[in-house]
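All remarks here apply to the structure that follows.
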Protein chains: 2
Amino acid sequence: MELGKTAYVILGMLGKQPMSGYEIKAKADISTRFFWAISYGQIYPELKRLEQAGLIAGEDEAGSGRGKRVYSITPPGREALHAWLTDPGELQSELRHEGVLRFFFADSLDHDERLALLASIRAKHKRIQAELAAIEPGASAHAAETGDRLVLLTLETGIAYQQFFVDLCDRLERRLAEESDQTTGED
Amino acid sequence: MELGKTAYVILGMLGKQPMSGYEIKAKADISTRFFWAISYGQIYPELKRLEQAGLIAGEDEAGSGRGKRVYSITPPGREALHAWLTDPGELQSELRHEGVLRFFFADSLDHDERLALLASIRAKHKRIQAELAAIEPGASAHAAETGDRLVLLTLETGIAYQQFFVDLCDRLERRLAEESDQTTGED
DNA sequence: ATCACCATGTAAATCGTTACATGATTAT
DNA sequence: ATAATCATGTAACGATTTACATGGTGAT
């Protein structure tokens with residue numbers, strides 16, 4: 001039985017603690033979202049499939065609200081999770097970045113338009129970085145409580161990743177300025 | 001008429017010079033692929049759609065091989081390309097990175113397994129970086145010929161991007177080593 | 001001859017997002 | 001009361017990949 005990466009996001013989340021589908025989404029939105037996003041449209045059907053496969057077990061929580069269903073990882077689920085985490089095969093990775101794509105095709109733009117594009121890219125990554133920074137205190141506290149430091153390290157990775165693009169825009173802007181110096185007076 | 005990003009990759013490529021679908025794929029594979037991949041399954045149907053919309057014009061090249069069809073961008077196509085390049089709306093960007101995802105869930109792994117994961121991530125990005133470095137001489141020559149420097153800058157961006165992950169793995173490895181020092185002798 | 005590469009194209013499958021429907025609980 | 005949040009779920013749509021089918025041309 002082949003599992004998609006999204007199944008492992010769910011399995012990984014349940015490996016940390018039992019949760020409902022709604023809680024998985026909430027946790028993912030402040031952590032894995034920045035390097036592997038998931039949506040409700042995937043979560044609920046996948047939870048059913050994983051339960052049928054015996055990798056997780058769901059239990060209806062009585063009383064509180066509308067029938068909330070909390071899932072826990074089973075021993076076979078933990079095995080599957082471990083197998084994935086240590087799988088020596090090729091790691092999937094994919095970037096779809098409209099900003100860099102536009103820059104690649106920006107030859108036909110004038111100087112100001114190019115600068116505006118870089119400013120727009122930088123603004124976007126700064127905004128996401130601020131979002132991540134806002135999460136950090138909570139993640140820090142969580143790390144101290146549970147001893148799970150990787151969550152915090154991963155968050156710092158996310159912040160550094162955004163910073164890469166901010167720095168990139170600065171660098172590219174400087175490069176464009178140099179080129180424009182060289183051609184000043186020519187056209 | 002709404003165009004997907006993939007349509008703009010094609011339009012952007014044809015904005016640089018007239019090409020066949022096959023050539024678009026070949027060019028994309030050594031340039032945009034690393035931040036926006038496209039496949040034949042998208043290219044050929046999209047070329048037809050763009051031609052019907054009047055944004056590109058195809059011409060059958062007689063003689064050479066099986067009916068090769070070379071497309072050129074039209075003035076309305078150039079307008080659409082410019083409109084996209086300067087669109088002030090939100091820039092799409094998305095990362096799906098299995099390596100970082102696994103690291104986030106690596107709490108259940110032992111020390112050696114975690115190191116192996118980091119080594120695997122580093123190896124992957126070094127490999128892609130080497131691929132990109134191999135392309136650089138050609139891109140340099142192209143920049144000198146056509147005066148289009150952005151293609152080269154974008155390639156350098158790709159190389160720096162891979163380096164980010166290499167550095168990241170180094171940093172994370174050091175962090176793990178520090179933690180393991182602290183706990184030595186405890187368990 | 002046979003392999004690599006040029007070249008076009010489609011069908012099926014997979015993956016993922018978005019929008020919608022529904023309804024309870026809790027805080028203001 | 002009413003807004004926000006908790007909570008589950010599905011249908012439709014869109015995007016993308018993969019595998020397949022086809023056949024020419026040029027080099028070894």
Side-chain angles (χ1 to χ4, degrees), chain A residues 1-10 13-14 18-30 32-52 56 58-71 90 92-98 101, chain B residues 1-10 13-14 18-30 32-52 56 58-71 90 92-98 101:
Chain A
M1 142 215 46
E2 281 287 297
L3 297 180
K5 305 293 175 247
T6 304
Y8 290 112
V9 177
I10 293 172
M13 287 290 179
L14 296 179
M19 269 182 264
S20 67
Y22 185 83
E23 288 166 326
I24 289 172
K25 175 70 160 75
K27 290 258 176 193
D29 274 353
I30 55 168
T32 55
R33 169 157 77 101
F34 302 98
F35 42 88
W36 205 290
I38 54 171
S39 64
Y40 287 127
Q42 301 169 269
I43 294 171
Y44 289 113
E46 192 65 51
L47 281 170
K48 286 187 181 167
R49 249 174 285 150
L50 289 172
E51 186 170 24
Q52 275 196 329
I56 63 176
E59 203 182 346
D60 287 311
E61 206 174 67
S64 64
R66 170 203 188 164
K68 174 177 169 181
R69 196 167 172 80
V70 174
Y71 293 89
E90 184 74 355
Q92 203 181 314
S93 87
E94 205 195 304
L95 173 65
R96 290 195 177 257
H97 195 292
E98 189 182 354
L101 183 65
Chain B
M1 141 214 47
E2 280 287 296
L3 297 180
K5 305 293 176 247
T6 304
Y8 290 112
V9 177
I10 293 172
M13 287 291 179
L14 295 180
M19 269 182 265
S20 68
Y22 185 84
E23 287 165 327
I24 289 172
K25 175 71 160 74
K27 290 258 175 191
D29 274 352
I30 55 167
T32 54
R33 170 157 78 102
F34 303 97
F35 42 87
W36 204 290
I38 54 172
S39 64
Y40 286 126
Q42 302 169 269
I43 293 172
Y44 288 113
E46 192 65 51
L47 280 171
K48 286 185 183 169
R49 248 173 287 149
L50 288 172
E51 187 171 22
Q52 275 197 329
I56 63 176
E59 204 182 345
D60 287 311
E61 204 174 68
S64 63
R66 172 205 187 164
K68 175 177 170 182
R69 196 168 171 78
V70 175
Y71 294 88
E90 184 75 355
Q92 205 180 312
S93 86
E94 206 194 303
L95 173 65
R96 287 191 179 261
H97 196 291
E98 189 182 354
L101 183 66

Using only side-chain N and O atoms of Tyr22(A), determine if any of them is under 4.0 Å from OP1 or OP2 of dT8(D).
no

What's the closest nucleotide to the Ser39(A) side chain, out of dA7(C), dT17(C), dT8(D)?
dT17(C)

Nearest whole angstrom, please: distance from the C1' of dT17(C) to the CD of Gln92(B).
11 Å

Under 4.0 Å between any heavy atoms, over every strand shown, what does Lys48(A) touch: base, sugar-phosphate, or nothing? Just pick one.
sugar-phosphate

Taking the side chain of Tyr40(B) as its heavy atoms from C-beta onward, which of dC6(D), dT18(D), dT8(C) lies nearest to it?
dT8(C)

Side-chain N or O of Gln42(B) versus OP1/OP2 of dT17(D): is the shortest distance under 4.0 Å?
yes

With a non-hydrogen cut-off below 4.0 angstrom, is Gly21(A) in contact with a base, only sugar-phosphate, or nothing?
sugar-phosphate

Roughly what angle, to 10°, lies between the helix axis at the start of the helix from dA1(C)-dT28(D) to dT28(C)-dA1(D) and the one at its end, five pairs per end?
30°

Which of the following nucleotides, dT10(D), dT16(D), dG16(C), is nearest to the side chain of Thr6(B)?
dT16(D)

Nearest of dA7(D), dA7(C), dT17(C) to any side-chain atom of Glu23(B)?
dA7(C)

Ile43(B) atom CD1 is separated from dT18(D) atom P, nearest whole Å, by 14 Å

Rounded to whole Å, please give me the gap between CD1 in Ile24(B) and P in dC6(C).
15 Å

From CG of Asp60(A) across to C1' of dG9(D) the rounded distance in Å is 14 Å

From the list dA7(C), dT16(D), dT17(D), which nucleotide is the closest neighbour of the side chain of Ser20(B)?
dA7(C)

